[in-house]
Structures are given as C-alpha cells and as structure tokens.
Amino acid sequence: EVQLVESGGGLVQAGESLRLSCAASGFSFDHWAIGWWRQAPGKEREEVSCISSDSITTYYVDSVKGRFAISRDNAKNTVYLQMNNLKPGDTAVYHCAVPLLCSSYGTSGPVGSWGQGTQVTVST
C-alpha cells in the first residue's frame, strides 16, 4: 500500500535546525509531487512547502521562506525538509503527503489520509 512516513522531529531551541524526512513506499515516487503540511494546536492545517516530481517547482509559505528548504532524493524515495533558524511559531505536527497541486504559488489537498506525522517543538 501507499505509505509516507515522517521522521526527524524533536525539541529544539529557537534558532536551531532540524531536518525532517518523508520516506515513501508503495507507489512510483518519482512521478509525484510531495508536500509538507503542519498543524499547531488550535490552528488550521497549513500548507508549508511542496516539491514537484522533478524538483523544478517548489513552494514555501511566506513564514518559512529563507529558512526552510525542501528537497528530494528519488533514488531513496525520500523528501526532506531542512528547517533552519526555527521559531516558536514553527511548533506543530508536520505531515507529508502527495498533493493534488504543487505550483510556485501554493499547494492543495493531499491524497489519502493523514498519518501520525512528526512533532516539532521549538522553545524560546
């Protein structure tokens, strides 16, 4: 079956960095865009970033531009989200999924159901 498993979250102080990984299996990974979403307590789920199948197109929500970088290694069926200079506002559960749309202007609703995600907590 299609599986996307997130890892790499943790508890860090503001200004520190984390790299999240999204490991995929069960589908032709190199044919599909991958996106990252996050949801903080009391907030709606937010589109964070996405990357096209060929890595030509990327999107970042304004709040993370210049700090986060999405990349993928199709040979490893893995997408990464490098998160630098983390802020308390980045605290959330981060999920990856195949988006319906990934353009430079945004991404849209994922395919399938949400998994467990990986928790990122940034302290001051």
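This chain uses plain numbering: 1 for the first residue, then up along the sequence.
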Peer 1: Just jot down the side chain to side chain contact (heavy atoms under 4.5 Å, CB included) partners of S55, sequence neighbours excluded, or say none.
Peer 2: I51, R72
Peer 1: Assigning hydrophobic clusters by single linkage (Ile, Leu, Val, Met, Phe, Trp, Tyr; side-chain heavy-atom cutoff under 4.5 Å), is V120 placed with V79?
Peer 2: yes
Peer 1: Any side-chain donor-acceptor pair under 3.5 Å between S17 and N84?
Peer 2: yes
Peer 1: Roughly how far, to the nearest 0.5 Å, is NE2 of H31 from OG of S53?
Peer 2: 8.0 Å
Peer 1: Mind checking whether F27 and Q3 have side chains closer than 4.5 Å, heavy atoms only?
Peer 2: no
Peer 1: Y60 and A69: which non-hydrogen atoms are nearest, and at how many Å?
Peer 2: OH-CA, 3.3 Å
Peer 1: Looking only at heavy atoms, which two atoms of N85 and G15 are closest? And how far apart?
Peer 2: OD1-CA, 3.6 Å
Peer 1: Output yes when a side-chain donor or acceptor of S108 lies under 3.5 Å from a complementary backbone atom of L101, and no otherwise.
Peer 2: yes
Peer 1: Does a side-chain heavy-atom distance below 4.5 Å link C50 with Y59?
Peer 2: yes
Peer 1: List the atom of L81, the atom of V48, and the distance in Å for their closest heavy-atom pair.
Peer 2: CD2-CG1, 4.4 Å
Peer 1: Can you give me the closest heavy-atom contact between E46 and S63, atom names plus distance?
Peer 2: OE2-OG, 4.2 Å
Peer 1: Would K87 and D90 pass as an ion pair if we require N to O under 4.0 Å?
Peer 2: no
Peer 1: Applying ring pair (Phe, Tyr, Trp, His ring centres under 6.0 Å), which residue pairs with at least one partner in residues 65-121 are found, sequence neighbours left out?
Peer 2: W37-W114, H95-W114
Peer 1: Mind listing the closest non-hydrogen atom pair of L20 and W36 along with its distance?
Peer 2: CB-CH2, 3.7 Å
